[in-house]
Chemist: 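What follows is a structure written as structure tokens; I'll ask about it next.
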Amino acid sequence: MISVQQLTKGFDDLRRGWVAALDHVSFEVRPGEIFGLLGPNGAGKTTCLRILSTVLRPSSGTATVSGFDVVTHPTEVRKRIGFMSNNTGIYDRMTAWEMAEYYGRLYGLPEDVLQLRLEQLFDTLQMNDFRDTLGAKMSTGMKQKASIARAIVHDPPVIIFDEPTCGLDVLVARKVLAIVQSLKDQGKCIIFSTHIMREVEKLCDRIAIIHRGTILAMGALPELQEQYRQPDTEELFFDLIERHDAQMRSTMPEFHLASL
Amino acid sequence: MNWQNVKLIFLREVRDQLRDRRTLFMIAVLPLLLYPAMGIGMLQMTLLFTEQPRTVVILGEKHLPPPQLLEGDKFVSNWFLNPADADKLKVITDTSVELGGGGLNASRNMRLIEQARALRERVEQHTSLNTELKQAEVKLREHLTNPAAPIDESLETLQGRIGQLKAKQAVIDHELMELFASSQIQVLIVIPDGLKENIERVNRLIVERDNSHVEGFTYPRPTIVKNRADDKSVVAYARVREVLDAWEDEILRQRLSAAELPEELTRPVGSAPLDLAAEEQISANVWSKMFPALLVIMAVTGAFYPAVDVAAGEKERGTMETLLICPATRTEIVLGKFFTVMGFSMSTALLNLLSIGTTGQYMLSVAGGAGKGALAQAGAVTLPTAPALAWLLILLVPLSAFFSAMCLALATFARSSKEGQYYLTPLLMVSIGLTVFCLSPAVEIYPVHQASWFYSVMPVVNIALLLKALLLNPGNTGALIFAGPVLATSIGYSLLALWWAIEQFSSEGVLFRDGERFEPTLWFKHLLRDKEPTPTFTEAGFCFVLIMLAQFVSMKAFGQSIASVSADQIGTQMLKLMVIQQLAIIACPALFMALILTTSFRQTLRLHLPDWKFLAVAAVLPFVLHPLSLELMASLSWFFPQLPEGAVRLLKTMGEGEQPFWLLLIAFAAAPAICEELAFRGFVLTGFCRNGRTRLAIALSALTFGVMHMIPQQVFNATLLGIVLGLIAIRSNSLLPGVLFHFLFNSLAILRERASVQLAAGHAEEFQHSIWSSFAILDAGGLRYTWLTLVISGVAASACLWWVWQAGRAKVKSETVEGLFPNGLVPVKQQHPTCVS
């Protein structure tokens, strides 16, 4: 479903000069699977997901979604993904219904299919109480639901969640995770990026630990725990990151300075 | 292109804007409520506002001749054009005060009369000094013209006396001024003793036809004291003048009728004006001044806020990323937003104009109906005619389109609404500046004296000027012929601006600019530390700006330097300055920037040895392009404004034999060839090439090269040459062929000027019979090439250019990729086929 090969993306940074936000990253995600991208802030998670959603172009490497290259066939890719992140905003002057309807039309759904789909979505996501509420008046939970409804209105086979629970209270976060789980049960191919260990343990079939643009380890969580002999996910995570930074310091003396 | 998506986005944005209070305020509240409210307010003000009466003091009332001038403390109202104006002047006379008049104000009037008397004393001194001074000056003039004449005073004493008199007069004038300023008097009229008797005496002399007492016509006249620097005094004086003129006319009429002379006696010429302006033309004049300016300002204001909201606002609220992920392409998104902004720009402009127009007309008709003097004349102002309004609508479309696209592009660049407003303010300022320029009566779309189509291709200005002409007279054929070019160029500019907006919207750097705060020191360090082999796009742009700024700054210094040398050396001085300008202003910025900002001086400035074939082509091309360019410029001369004086002088220097040929070659050919190539085909072009789009880079470098030449003719010519030079530089990846081409091309221009002058000076006949005459002829403008030459040149130039076009394409491709991705990040798959045209 999703295939990422040697993906690299560089930025020009004032402080550090030319920085690779992603450095030869490769992974694959299959349908019916939740793939977790686990990494600290600034690890390159969002960059990677933005390339997958075609809003950024890779400096080199390839990424395909459902067999379509993100660079050569961006429109086909966009039709097949739903993207939801914590900061994908809600239009203040649009109601939840209008917004989902608007995106449904942009995705080219026929009007009758769209109306059916919307009714069904608003039922399953329990959004009927606030279907005519303007975005500006919604609570965080409502916004998150509206955002999910917007992302999956066209029933995409691939769904990308970029830190969807960031900044949410426990109740709302729990609901979001339940929705992700149910989407997986429908056979969707899901990428889920987060820096919260609990979510990974609960949700993900396989994970990739990403740090400074490179994947440090990848596999199912139990496999990784066994491979690195570390039953605690959090400890595993810290060990890997520490080891990587120590290695960088020894090979590149200026790295220490640059990382400040 | 999926127009369904464009429509969807457009409808959403419009609904979004209509739900926004700010937009509603701009397009609805402002025009529908504010202007009428302002109108009512102004009407109220004019009703409530009564002009404070001004004080006029008359000394010597008893010497006033008939007919009656005063009535109580006012002038007789008959003497005013508008009798109501009589209330606006309060007249205090010495006679009335002595009789104890003035009632409550008696003491104030008394004081005023005292001040007036003090003033009169100085006035009399001033007058007597003046008489004395005049006599002395007459004497001096006689003395100087006829030194032999006998005199009672030596020249020195006479001059000394004049000096003393002048000094005395200055002291008295100063006293007068201070006294007048401290008094409450706005105008003082001093009637001299015996005025009445003198006038009667002269009347009698005329009745008796007695010519023996002509000197009796000279008698003391009244003096009116006023202060032109004081507004109150100016207004009061204007009214007093009106009264006194009317009164004097009456005295004259009575004098003539008493002497049984015709009234026409005093008007031997008596010309009468015939005003052809019809009522609607007067209104058309009002509208043609007001509407173009308002239209421009309202179109840009109307585009401003929606643009900030749909572009920067969307980024700020975080909805931008969501929109980018949907299947609509960037072009569709931009078009949807563009039509929204344009719709609001047009409706804001129209509603505002409509509201201002109707409010203004209503107010004028109310004021006119009340019959208040000058306003009554304006009362007849009607709204513009239907054809004029149709033109207004037609021209609003490209105007709004241009502003909308510009605003959208700028607003896309901004990270937040606030930042967007900062970026758009300069656009607003420039538009207002252009409008003020268009308001000037001297600026017209069809200048009579200097046939020039130049204004018709200037953005915004062309629309405003055409509208100005068409509102004045919608059937104006002189202006209508400009409608085609104005519309075509305006649509062209709009499309360019729109293309820029789409570019902005497609750029990652613009869409995902991080909110990092700007630190100049950090940025500067970054610039020097993370140097790359070739300059960036921005650095290239900055180099051009630097060159332009340096040129601007140096203009004054160069002007002074030319003014400081004697006339016979101006030519040499100009040539010297040209070389200095080339070295210091054009070459230096490029060289220094290349040294400081890049790691590869050679690569940046293309200092490579080229393939010899390119050198060969560069040596041939100037000879075939020179006739073509000359003919093109000659056939387009009607289009451009006249050359400025300085440029004409420079051209003359080229032809005249005064300067040595080698100096001309250095100043006009060698220095530009080296310096301009280093800057424009070196630093600037290499930098512009960095975004991987060669055609755009060549076009931009050619345009900057053209703009650097400042004079419209040269801008046009240099831009075209810049395209050729850019292409040669890219294809050969060397500066040398360009330098050779540039040097030869400029040398040919000098040679032609020289040859023209020399042939015209005596060899014209000989030339016409030689074999050369089938290639060139000599006319008033110098050597002109024949069709034979032009056809040969055209064929040869096409062949050369085609060869350059296809040469070395594959080679260039591989080289630029390396330059594009520093730090070894060579892409596996190349996105843009770089540097391929």
Side-chain angles (χ1 to χ4, degrees), chain A residues 5-6 8-20 23 46-47 50 53-62 69 71-72 74-94 98-99 102-103 105-108 134-136 147 150-151 154 160 162, chain B residues 2 4-5 7-9 11-12 15-21 309 313-330 332-333 506 508-509 511-512 514 516-519 522-527 529-532 536 820-832:
Chain A
Q5 299 298 330
Q6 302 291 324
T8 301
K9 174 76 184 175
F11 291 105
D12 210 8
D13 183 86
L14 277 190
R15 213 175 281 271
R16 292 172 290 169
W18 189 263
V19 183
D23 197 357
T46 301
T47 305
R50 276 183 177 164
S53 62
T54 75
V55 295
L56 288 184
R57 281 170 183 281
S59 302
S60 71
T62 53
D69 191 296
V71 174
T72 52
T75 316
E76 296 300 318
V77 171
R78 275 184 241 153
K79 278 183 191 161
R80 284 165 179 78
I81 57 167
F83 187 98
M84 194 239 152
S85 83
N86 185 261
N87 53 15
T88 41
I90 298 284
Y91 286 110
D92 278 354
R93 296 171 231 130
M94 238 180 164
E98 282 170 348
M99 196 169 105
Y102 170 58
Y103 276 96
R105 284 179 184 152
L106 278 179
Y107 279 106
L134 284 181
S147 193
R150 191 266 308 149
H154 56 304
I160 298 169
D162 187 11
Chain B
N2 182 346
Q4 189 60 32
N5 283 347
K7 192 180 136 197
L8 266 174
I9 293 168
L11 290 177
R12 195 211 79 81
R15 185 171 55 186
D16 205 53
Q17 289 302 311
L18 288 179
R19 284 180 182 174
D20 186 6
R21 250 176 266 151
D309 198 56
E314 185 133 32
K315 262 196 208 177
E316 192 176 40
R317 290 188 294 268
T319 48
M320 181 68 99
E321 210 179 331
T322 327
L323 190 62
L324 294 179
I325 293 161
C326 84
T329 62
R330 303 286 160 93
E332 288 161 10
I333 297 176
S506 309
E508 278 174 19
L511 288 179
F512 296 99
D514 27 338
E516 195 174 314
R517 82 197 144 104
F518 182 70
E519 288 176 62
L522 201 63
W523 174 78
F524 201 65
K525 271 188 204 157
H526 160 76
L527 216 57
R529 182 193 54 207
D530 305 312
K531 284 200 269 193
E532 290 164 32
T536 63
L820 251 181
F821 294 91
N823 301 16
L825 286 169
V826 179
V828 172
K829 196 166 182 184
Q830 194 50 53
Q831 242 328 281
H832 312 276

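Order of the sequence lines fixes the chain letters, A, B, ..., with proteins taken first and strands second; residue numbering starts at 1 for each chain.
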Chemist: Using atom types as modelled and distance alone, determine if a side-chain donor or acceptor of B/R19 lies under 3.5 Å from a backbone N or O of A/R93.
Modeler: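 Yes.
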
Chemist: From A/D162 CG over to B/E321 CD, what is the distance, rounded to the nearest 0.5 angstrom?
Modeler: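 Answer for the CG-CD pair, A/D162 versus B/E321, is 7.5 Å.
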
Chemist: Top residue by heavy-atom pair count (under 4.5 Å) with chain A, among B/E332, B/Q17, B/R12, B/M320?
Modeler: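 Winner by heavy-atom pair count: B/R12.
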
Chemist: Just wondering, do B/I9 and A/L106 contact through their side chains at under 4.5 Å, heavy atoms?
Modeler: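 Yes. Closest side-chain heavy atoms under 4.5 Å.
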
Chemist: Which atoms of B/D20 are under 4.5 Å from chain A, going by heavy atoms: the side chain, the backbone, both sets, or neither?
Modeler: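 Both parts, backbone and side chain.
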
Chemist: So which part of B/E314 gets closer than 4.5 Å to some heavy atom of chain A, the side chain, the backbone, both or neither?
Modeler: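 B/E314 touches chain A through side-chain heavy atoms alone.
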
Chemist: Quick one: what part of A/Y91 sits under 4.5 Å from any heavy atom of chain B, side chain, backbone, both or neither?
Modeler: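 Contact with chain B is through both the backbone and side chain of A/Y91.
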
Chemist: Closest heavy-atom contact between B/T319 and A/Y103?
Modeler: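 Closest approach of B/T319 to A/Y103, heavy atoms only: O-OH, 4.4 Å.
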
Chemist: B/L11 versus chain A, heavy atoms under 4.5 Å apart: side chain, backbone, both or neither?
Modeler: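 No part of it gets close to chain A.
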
Chemist: What option among A/R50, A/R105, A/K79 has the most heavy-atom pairs under 4.5 Å with chain B?
Modeler: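 Greatest number of close heavy-atom pairs with chain B: A/R50.
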
Chemist: Check the pair B/L324 / A/F83 against side chain to side chain contact (heavy atoms under 4.5 Å, CB included), numbers first and verdict last.
Modeler: CA-CA 10 Å; B/L324 294 179; A/F83 187 98; over 6 Å; no

Chemist: Would a distance-only check, ignoring hydrogens and angles, find a side-chain to backbone donor-acceptor pair under 3.5 Å from A/R78 to B/A328?
Modeler: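 Answer holds: yes.
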
Chemist: To the nearest 0.5 angstrom, please state how far the CD1 atom of B/I325 sits from the CZ atom of A/R150.
Modeler: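 Spacing of CD1 (B/I325) from CZ (A/R150) equals 6.5 Å.
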
